Amino acid sequence: LKEENSILRSKINKLQILSETQADKMRKLEKKLEENKIKEEKEAQDLEAMVQHVEQNLQLMTKRAVKAENSAAKLRQENALLQAELRNSKLENEALRAGQAGLAAAKQNAEVALQHLLQVTTSSRASIRQLLSGAESLQLVADLLKSIDRISEVSEDGQ
């Protein structure tokens, strides 16, 4: 019985050692499990934060895209207006060039008319000089005729 008791005690000691070893293993595994849970929770929080950050970035990108589309639409409208202005300016430019051609022709006609006026003026001055000369000659003839009248009156009186 003592032997059996001794064997059983020895078995109990071995079982206690085994139990303590398994308890230590269990504590280590529980600790590791707890650490893994904490690590997973932290990773889950990090992932959640990353997801929120990505969502915020997507919202910002969406806002930027909408703003860019609106800006592009405004730029398209402005481009269309500028192209219309350009077409109008080209037409106006062509009209001005045509007007300048007409203006050049009118200027040339005015130059020709000026030359004719200068010729007429020169010839008119010459004619006026001749006319004045003729008028002076007529005045002289008239004065001579008056003198002759006086002379003939004096001679009739004096006879």
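On a predicted model such as this, the values are computed, not experimentally measured, just so you know. By convention here, the first residue in the shown sequence is residue 1.
The number of heavy atoms from other shown groups lying within 6.0 Å of CD (Glu43) is above 12. Counting heavy atoms of neighbouring residues, nucleotides and ligands inside a 6.0 Å radius, atom CD of Gln108 does not exceed 12 of them. By the neighbour-count criterion of 12 heavy atoms within 6.0 Å, atom CD of Gln115 is densely surrounded, having more than that number from other residues, nucleotides or ligands.
Evaluation of the side chain to side chain donor-acceptor pair (under 3.5 Å) test over residues 5-23, restricted to residues two or more places apart or in two chains, returns none.
Residues Lys67 and Lys63 have side chains not in contact (no heavy-atom distance under 4.5 Å, counting atoms from C-beta outward). Between Leu33 and Lys37 the shortest side-chain heavy-atom distance falls below 4.5 Å. Side chains of Lys39 and Glu35 form no contact here, defined as non-hydrogen atoms less than 4.5 Å apart.
Partners of Lys42 under the side-chain hydrogen bond (donor to acceptor under 3.5 Å, both in side chains) rule, at least two apart in sequence or in another chain, are Asp46.
If you take OG on Ser89 and CD on Glu94, they are separated by 11.0 Å, rounding to the nearest 0.5 Å. Note that the OG atom of Ser127 and the CG atom of Leu131 stand 8.0 Å from one another [nearest 0.5 Å]. Summarising the geometry, atom CG belonging to Asn70 is positioned 11.0 Å from atom CG belonging to Leu75; distances are rounded to the nearest 0.5 Å. To the nearest 0.5 Å, atom CD of residue Gln52 and atom CD of residue Gln45 are 11.0 Å apart. Separation of atoms CD (Glu55) and CG (Asn57) is listed at 10.5 Å; rounding is to 0.5 Å. Here Asp24 contributes atom CG and Leu29 contributes atom CG; the two are 11.0 Å apart, rounded to the nearest 0.5 Å.
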Going through the checks in order, is the side chain to side chain contact (heavy atoms under 4.5 Å, CB included) test met by Lys25 and Lys28? CA-CA 5 Å; Lys25 260 189 180 179; Lys28 286 179 184 177; 5.7 Å; no
